[in-house]
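I have placed the structure first, in the form of structure tokens, so that the comments after it can refer back to it.
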There are 2 protein chains.
Amino acid sequence: MDSKKYCYEYPRPSVTTDCVIFGFDGVDLNVLLIERGIEPYKGKWAFPGGFVQMDESAEACAKRELFEETGIKDVFIEQLYTFSDVERDPRGRVITVAFFALVKTSEYQLLAGDDAIKAQWFKIKDIPALAFDHDLILRIAQNRIKGKIRYQPIGFELLDKKFTMPQLQLLYESILEVKFDRRNFSTKLMKTGLLIQLNEKMENVPHRAPRYLMFDKKKYNELQSSGFNFEI
Amino acid sequence: MDSKKYCYEYPRPSVTTDCVIFGFDGVDLNVLLIERGIEPYKGKWAFPGGFVQMDESAEACAKRELFEETGIKDVFIEQLYTFSDVERDPRGRVITVAFFALVKTSEYQLLAGDDAIKAQWFKIKDIPALAFDHDLILRIAQNRIKGKIRYQPIGFELLDKKFTMPQLQLLYESILEVKFDRRNFSTKLMKTGLLIQLNEKMENVPHRAPRYLMFDKKKYNELQSSGFNFEI
DNA sequence: TCACCAATGTGTAAATAAAACACAAAGAAT
DNA sequence: ATTCTTTGTGTTTTATTTACACATTGGTGA
């Protein structure tokens with residue numbers, strides 16, 4: 001019996017998705033990688049991904065693969081770029097639609113020592129050798145998040161629902177790879193009118209405790225539809 | 001003889017490229033469309049595009065199709081977004097990698113009344129019914145060019161090598177759909193240091209003739225590699 | 001020929017935003 | 001109670017953006 005049962009008049013490339021998953025550990029920006037168990041690039045690290053099925057869009061595929069390989073779901077995800085170099089996959093012609101996702105790491109405990117798939121967070125400054133053209137994909141993803149965080153409030157997707165101003169600042173600094181003046185940063189962010197101050201402070205810190213904040217997503221959506229734009 | 005000779009173990013989508021071509025006629029932003037001669041959407045207007053071959057990247061495909069269908073080559077072209085909705089093409093599963101191109105309309109005279117392919121410029125404000133999901137593609141392309149022109153000097157790709165400040169301002173205004181103060185616009189653009197004033201003026205205008213300018217691409221490339229960024 | 005007209009070229013003042021900087025207050029540790 | 005580290009809330013200075021005015025050019029037509 002012939003296993004190659006799907007036949008076409010012209011040759012077709014395979015289409016896959018890959019997903020660059022960003023997380024924030026409080027100090028550094030991190031990326032979630034999966035160790036490949038099979039050739040090619042066996043033992044190398046790669047982004048989770050897989051083949052687009054005939055009944056799902058690329059975005060649906062990216063979300064499905066993300067959940068299947070890491071257990072992550074219902075997170076911010078956005079199309080990044082499509083990589084289509086002829087030689088990018090040694091197995092043949094594979095076009096990949098790359099996505100990037102932002103996750104609150106505290107909500108997803110990785111199942112360490114899981115049998116099938118070995119997933120691990122890596123600091124963005126300490127990435128191992130990657131499979132395929134995933135180093136290129138990562139570089140483009142990093143540039144995208146750097147550009148995007150300045151004009152869209154995506155940073156909050158990486159923090160817990162409740163966060164403090166110092167945490168928010170560390171996040172911005174780690175993504176943009178710059179340092180901000182603490183006072184100017186706070187003033188600017190509060191001036192957006194999108195941060196709600198809670199009557200609650202951090203506990204068990206050996207100094208003055210910072211107050212908790214929340215991002216006002218409802219207000220942002222309202223402002224956005226009336227032609228407002230977030231700028232840091 | 002069976003024409004379906006390319007067989008695979010799993011089904012594969014077709015992959016195409018489409019290209020949104022922007023041009024500027026001195027007053028309005030325009031888009032180049034092609035009238036479809038065959039079903040589906042026969043008689044409707046669409047972006048030029050076609051199937052990705054096995055030996056070419058998506059970008060190479062977009063450039064090839066652009067030349068084959070319009071005669072345009074060696075222009076600014078950039079990947080826009082990949083459209084992969086399951087139902088976007090009635091012929092079957094077709095994923096399209098969309099691009100956008102910027103052309104100097106004066107350099108490409110459309111072959112009016114050409115037999116095979118009927119191409120025509122349309123003002124962005126006066127677009128006919130489009131085939132497939134091309135109205136969605138156009139909307140996303142328009143948003144992209146709006147965002148991009150503010151932080152990259154792509155406007156010059158739409159103007160002749162020599163242009164005047166009023167022409168440049170009209171271009172920015174037509175893309176961004178806003179009005180600028182003539183004096184502030186000029187000051188800001190000259191302050192980038194990337195415009196070379198020529199000792200030449202426009203002729204045969206019934207008022208003071210504006211001076212011609214050129215974009216200093218060489219200087220821009222040098223500045224860019226040393227971490228400079230263009231901002232309007 | 002010369003005033004007229006429509007647009008260009010250049011500049012300045014006011015308003016706004018960004019950057020630099022200082023001190024008081026909280027809360028755990030001693 | 002004192003010390004220490006970090007947060008919260010300013011002010012001053014500088015740079016950028018916005019608003020606005022007048023002189024200049026060059027063809028047009030009385």
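Please read all numbers here as calculations on a predicted model, not as lab measurements. In what follows, every chain begins at residue 1, and chains take the letters A, B, ... in the order their sequences are listed.
Between Phe180(A) atom CZ and dA19(C) atom P the separation is 9 Å, expressed in whole Å. Atom CE in Met165(A) sits roughly 18 Å away from atom P in dT6(D) (whole-Å rounding). Rounded to whole angstrom, the span from the CD atom of Glu203(A) across to the P atom of dA28(C) amounts to 9 Å. Here dA26(C) presents its P atom at 19 Å from OH of Tyr212(A), a figure rounded to the nearest Å. Here dA19(D) presents its C1' atom at 17 Å from CZ of Phe185(B), a figure rounded to the nearest Å. At whole-Å resolution of the value, CD in Gln169(A) and P in dT7(D) are 9 Å apart. Distance Glu231(B) CD to dA18(C) P: 12 Å, rounded to the nearest Å. If you measure from atom CE of Met202(B) to atom P of dA6(C), you get 19 Å, rounded to the nearest angstrom.
Using a 4.0 Å heavy-atom distance criterion, Asn204(A) is classed as making no nucleic acid contact. Using a 4.0 Å heavy-atom criterion, one finds that Arg183(A) contacts the bases of the nucleic acid, with or without backbone contacts as well.
Residue Pro206(B) places its side chain closer to dT28(D) than to any other of dT28(D), dT9(D), dG27(C). Comparing dA7(C), dG8(D), dA18(C) by their nearest atom to the side chain of Arg211(A) picks out dG8(D). In this structure, the nucleotide among dG26(D), dT9(D), dT8(C) sitting nearest to the side chain of Arg182(A) is dT9(D). Listed candidates were dG9(C), dC21(C), dG26(D). Nearest to the side chain of Asn184(A) is dC21(C). Checked against dG8(D), dG9(C), dT7(D), the side chain of Pro210(B) finds its nearest nucleotide in dG9(C).
One finds a salt bridge joining Glu157(A) and Lys217(A) here, because a Lys/Arg side-chain nitrogen approaches an Asp/Glu carboxylate oxygen to under 4.0 Å. Glu107(B) and Lys161(B) are not joined by a salt bridge, as no carboxylate oxygen comes within less than 4.0 angstrom of a charged side-chain nitrogen. A salt bridge links Asp181(A) with Arg183(A): the closest approach of a Lys/Arg side-chain nitrogen to an acidic carboxylate oxygen falls below 4.0 angstrom.
When the side-chain nitrogen and oxygen atoms of Lys201(A) are compared with OP1 and OP2 of dA26(C), none of them lie within a distance under 4.0 Å. For dA19(C), neither phosphate oxygen OP1 nor OP2 lies less than 4.0 angstrom from any side-chain nitrogen or oxygen of Lys188(A).
Nearer the 5' end of DNA chain C, as judged by each residue's closest nucleotide, is the contact made by Asp181(A), out of Asp181(A) and Ala209(A). Closest-nucleotide positions on DNA chain D for Gln197(A) and His207(A) were compared, and the one nearer the 5' end corresponds to His207(A).
Note: Phe230(B) and Tyr220(B) have perpendicular aromatic rings, judged against thresholds of 30 and 60 degrees for the angle between ring planes.
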ring-ring contact (aromatic ring centres under 6.0 Å, His included) evaluation trace for Phe163(A) with Phe156(A): CA-CA 9 Å; Phe163(A) 53 87; Phe156(A) 308 104; 5.5 Å; yes

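Scanning atom types as modelled, no donor and acceptor separated by under 3.5 angstrom connect the side chain of Arg208(A) and the base of dT5(D).
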